[in-house]
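Starting from 1, each residue takes its place in the sequence as its number. Keep in mind the model is a prediction, meaning the values are calculated, not measured.
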Amino acid sequence: MTDTKPETIRYTADVVALTPDGQVLLIERDWPPYEGAWALPGGHVDPGETSRAAAARELAEETGVHVLADDLVQIGVWDAPDRDPRGRYVTVAYTAVVPAGTPVTAGDDARTARWWPLANLPDRLAFDHADILTKAHTQAL
């Protein structure tokens with residue numbers, strides 16, 4: 001008989017906010033893991049909340065950019081067991097298109113928030129966010 005122990009799985013949502021001129025919004029993480037690395041805005045889904053609503057909320061909290069949850073488009077689910085060094089995290093990723101030049105303000109858990117050209121992303125991206133960005137960019141073409 002195999003000894004099975006329940007695994008704690010945390011549920012999160014991430015947003016790939018894009019502009020029509022090819023910019024993507026990233027935050028610089030202000031806490032471990034990946035402190036100082038760039039990441040997509042996102043975070044935990046609260047009890048009673050959908051991942052889509054959590055994505056819109058986290059985008060606003062971390063960057064000051066407000067979008068309607070209904071305007072987010074799901075691009076996929078990332079659930080590799082080792083995607084986060086803190087344990088098992090499953091994220092649902094969404095895209096949002098916002099006007100070029102939309103102002104951003106770092107808030108909540110972000111050290112900095114800024115627009116990056118998709119063709120010139122920072123070298124250090126947290127977690128598997130490079131994979132999420134690749135999928136979002138591929139779907140946008």
Side-chain angles (χ1 to χ4, degrees), residues 2-141:
T2 304
D3 182 28
T4 59
K5 183 177 165 185
E7 179 180 27
T8 299
I9 299 174
R10 292 161 187 88
Y11 186 33
T12 62
D14 292 309
V15 181
V16 180
L18 301 165
T19 63
D21 65 349
Q23 304 280 316
V24 64
L25 181 56
L26 298 175
I27 63 159
E28 184 181 15
R29 289 178 57 86
D30 198 26
W31 69 102
Y34 298 102
E35 183 175 356
W38 292 91
L40 297 168
H44 291 93
V45 177
D46 289 341
E49 186 177 45
T50 66
S51 62
R52 189 179 304 273
R57 175 181 52 77
E58 288 286 345
L59 179 64
E61 288 176 0
E62 293 184 353
T63 69
V65 174
H66 295 269
V67 298
L68 297 174
D70 288 343
D71 290 339
L72 295 171
V73 177
Q74 184 176 330
I75 57 171
V77 175
W78 277 259
D79 64 354
D82 61 349
R83 68 177 299 269
D84 190 310
R86 297 170 293 185
R88 186 72 183 265
Y89 280 75
V90 174
T91 197
V92 181
Y94 296 90
T95 57
V97 178
V98 299
T102 296
V104 297
T105 304
D108 199 18
D109 301 323
R111 183 180 295 169
T112 307
R114 67 169 272 206
W115 294 103
W116 286 84
L118 278 168
N120 190 24
L121 294 173
D123 291 332
R124 188 168 176 229
L125 291 173
F127 309 105
D128 52 3
H129 290 186
D131 295 337
I132 296 171
L133 280 164
T134 297
K135 175 86 181 266
H137 184 66
T138 302
Q139 285 187 351
L141 297 177

With the side chain counted from C-beta on, respond yes when [X] and [Y] share a heavy-atom pair under 4.5 Å apart, and no when they do not.
X      : Y      : value
Trp78  : His129 : no
Asp109 : Ile27  : no
Thr102 : Thr19  : no

Between atom [atom1] of [X] and atom [atom2] of [Y], what is the distance when rounded to the nearest 0.5 Å?
X      : Y      : atom1 : atom2 : answer
Leu133 : Thr95  : CG    : OG1   : 11.0 Å
Thr112 : Leu26  : OG1   : CG    : 11.5 Å
His137 : Gln139 : NE2   : CD    : 12.0 Å
Arg52  : Asp71  : CZ    : CG    : 9.5 Å

If you look at every heavy atom in [X] and [Y], which pair is closest and at what distance?
X      : Y      : result
Glu35  : Arg111 : OE2-NH2, 3.0 Å
Leu18  : Leu118 : CD2-CD1, 3.9 Å
Gly43  : Asp14  : N-OD1, 4.3 Å
Ala13  : Ser51  : CB-O, 3.3 Å
Ala113 : Ala106 : N-CB, 3.7 Å
Ala110 : Trp31  : N-CZ3, 4.1 Å

(request) Could you label the plane-to-plane angle of the His44 and Tyr89 rings as parallel, tilted or perpendicular, counting under 30° as parallel and over 60° as perpendicular? (result) tilted
(request) Start with the C-alpha distance between Thr12 and Val90, add both sets of side-chain angles, then the distance that settles side chain to side chain contact (heavy atoms under 4.5 Å, CB included), and finish with yes or no. (result) CA-CA 6 Å; Thr12 62; Val90 174; over 6 Å; no
(request) For side chain to side chain contact (heavy atoms under 4.5 Å, CB included), just list the numbers for Asp79 and Ile9, CA-CA rounded to whole Å, side-chain angles, deciding distance to a tenth of an Å, and then say yes or no. (result) CA-CA 10 Å; Asp79 64 354; Ile9 299 174; over 6 Å; no
Distance-only criterion, 3.5 Å: show the donor-acceptor pairs between side-chain atoms of residues 59-67 and protein atoms not counting sequence neighbours.
residue	atom	partner	partner atom	Å
Glu61	OE1	Arg57	NH1	3.3
Glu61	OE2	Arg57	NH1	3.4
Glu62	OE1	Gly42	N	3.1
Thr63	OG1	Leu59	O	2.5
Thr63	OG1	Val65	N	3.2

(request) Taking salt bridge (Lys or Arg N to Asp or Glu O under 4.0 Å) as the test, write out the residues that go with Arg10, two or more places apart. (result) none
(message) Can a donor-acceptor pair be found, under 3.5 Å and without considering hydrogens, that links the side chain of Thr91 to the backbone of Tyr11?
(response) no
(message) Testing Val15, Ile132, Thr138 one by one against Ile75 for a side-chain contact (heavy atoms from CB on, under 4.5 Å), which residue passes?
(response) Ile132
(message) Thr134: which residues meet the side-chain hydrogen bond (donor to acceptor under 3.5 Å, both in side chains) condition with it, sequence neighbours left out?
(response) none
(message) Using side chain to side chain contact (heavy atoms under 4.5 Å, CB included), reason through Val24 and Trp38 one step at a time and then give a plain yes or no.
(response) CA-CA 11 Å; Val24 64; Trp38 292 91; over 6 Å; no
